[in-house]
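One structure is given below, encoded as structure tokens.
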Amino acid sequence: MSMNTKIIDCKTHIDEEGLKKCGELLRHGEIGIFPTETVYGIGANALNETAASDIFRAKGRANDNPLIIHIANFDMLKDLVEEPSEMEQKLIDAFFPGPFTLILRKKKNVPSIVTAGLDTVGIRMPENEIARKLIEYANCPICAPSANISSRPSGTKLEDIEEEFDGKVAFMIDGGMTTIGVESTVCKVINGIPTILRPGKITPQDIEAVVGTCKLDSHIFKCATGKVESPGMKYKHYAPNTKALMVYSENEEQMIELVKEHLTENTAIIGFAEHKKYFPNHQFYVYGHINHLDEVMHNIFTLLRQVDHVQADFIIIEGVKKEGLGIAIMNRLIRSVSYNYIEK
Ligand code: TXA
Ligand code: MG
């Protein structure tokens, strides 16, 4: 089914009337695209089963992969989940609003299509003003996965995803490029230990600072099959259409050598600004500066899409250290190259 997709421009200032309309559309069962501080989301009224199922259809998403629910205030939380434990409450106090999703025990009124039949639900309170206002205008919780066709890189600016969803959603809100650039940290308290199921801007150290402990799920850098805590980890993800390889060495010179070893005539490289000069005869896409992993995080998804539009037959991506923000970056990059990864 094709519909007329309304575009709402909130790039330089918020179009309140436009947002209000979008809120009403969501409330009445339409789906639409909106920015958050992490990536763009494709949202629906979380309490409306038909609307939620439209999202799975629009994305081509497997129906065993649950959606997270976005809220604008703490009143919305009470109707969705059972009373959080003391540790869960500390995490909520510390990281809501923000790039953080907490998995909690769901109440009955959350439709099982949203949680893919699980008895838990992921909850996030975005900080982005457009997202918050949209949810407030909708006056209902909004389930929203990242706005990308399944397996494609997540959208960090509307231009990157417009084509994928034109005619499939009631509206798209343009809020410019998202500030963070990768999806929220997904965390679940398992046997009293906060466990990161998907790494993001909120790092294990950030969580440790609040509750004293934190661990990473064992699938963060590995290919997951069968039963896993977070179903999303099983699926192919973030892939550009061109074949790609990632290389990493803690030793910078060695990393540059690794890139050189695997170059073909028509390779595009994604890497550090400081390394561009070593590859004058190749298309080199800068994702940021060494020691500025926030830049890398911000740019990585849009670059993975950009390289598809150039005439390259191979992509080499420089890896980063798996520490701090580097954990989330490497989790995405390893998947984007389909585990085609060399570390020396
Ligand atoms: O930053 C974000 O989180 C973005 C923006 C739009 O908010 N949303 C997003 O949603 O990334 P999505 O659906 O693309 O990713 C949600 C992840 C998936 O990996 C899913 O498997 C996992 O969270 N997840 C959702 N509910 C879960 C649950 N009850 N238990 C375990 N994992 C869950
Ligand atoms: Mg996603």
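What's counted below: heavy atoms across the whole structure, side chains too, no hydrogens, waters or symmetry copies. In each ligand, atom 1 is the first atom listed, and ligand 1 is the first ligand listed.
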R61 heavy atom under 4.0 Å from ligand 1
yes
Pull out every atom of ligand 1 sitting under 4.0 Å from any heavy atom of I68, numbered as shown with elements.
3 (O), 8 (N), 9 (C), 10 (O), 16 (C), 23 (O), 25 (C)
Please determine, by modelled atom types, if D308 and T242 share a side-chain donor-acceptor pair under 3.5 angstrom.
yes
Looking only at the side chains, is there a donor atom on one of E183 and S154 sitting less than 3.5 Å from an acceptor on the other?
yes
Could you tell me whether D160 and R152 make a salt bridge, using a distance below 4.0 angstrom between a side-chain N and a carboxylate O?
no
Donor + acceptor pair across side chains of T36, R124 (<3.5 Å)
yes
With heavy atoms of G41 as the reference, note each atom of ligand 1 found under 4.0 Å away.
6 (C)
Could you check whether T267 and T264, counting side-chain N and O atoms only, form a donor-acceptor pair closer than 3.5 Å?
yes
Out of P66, S154, P35, whose heavy atom is nearest to atom 24 (N) of ligand 1?
P66
Any N or O on Y40 sitting closer than 3.5 Å to an N or O of ligand 1?
no
Test of proximity, H70 against ligand 1: N or O pairs below 3.5 Å:
yes
Would you say the side-chain atoms of E265 and H282 include a donor-acceptor pair closer than 3.5 Å?
no
Can the ring centroids of F34 and Y40 be said to lie less than 6.0 angstrom from one another?
no
Using a 4.0 Å cutoff against the non-hydrogen atoms of L118, which atoms of ligand 1 qualify?
28 (C), 29 (N), 30 (N)
Return yes when at least one N/O/S atom of S150 is nearer than 2.8 Å to the Mg ion (ligand 2), and no when none is.
no
Any N/O of N65 closer than 3.5 Å to an N/O of ligand 1?
yes
Would you kindly specify which portion of A144 sits under 4.0 Å from ligand 1, judged on non-hydrogen atoms: side chain, backbone, both or neither?
backbone
Flag T120 as yes when one of its N or O atoms lies below 3.5 Å from any N or O atom of ligand 1, and as no otherwise.
yes
Between R124, R105, R198, M125, which one has a non-hydrogen atom sitting closest to atom 17 (C) of ligand 1?
R198
Looking just at side-chain N and O atoms, do D93 and Q89 make a donor-acceptor pair shorter than 3.5 Å?
yes
Determine whether any heavy atom of T115 lies closer than 4.0 Å to an atom of ligand 1.
no
Tell me whether K344 at atom NZ has more than 12 heavy atoms from other residues, nucleotides or ligands lying less than 6.0 Å away.
no
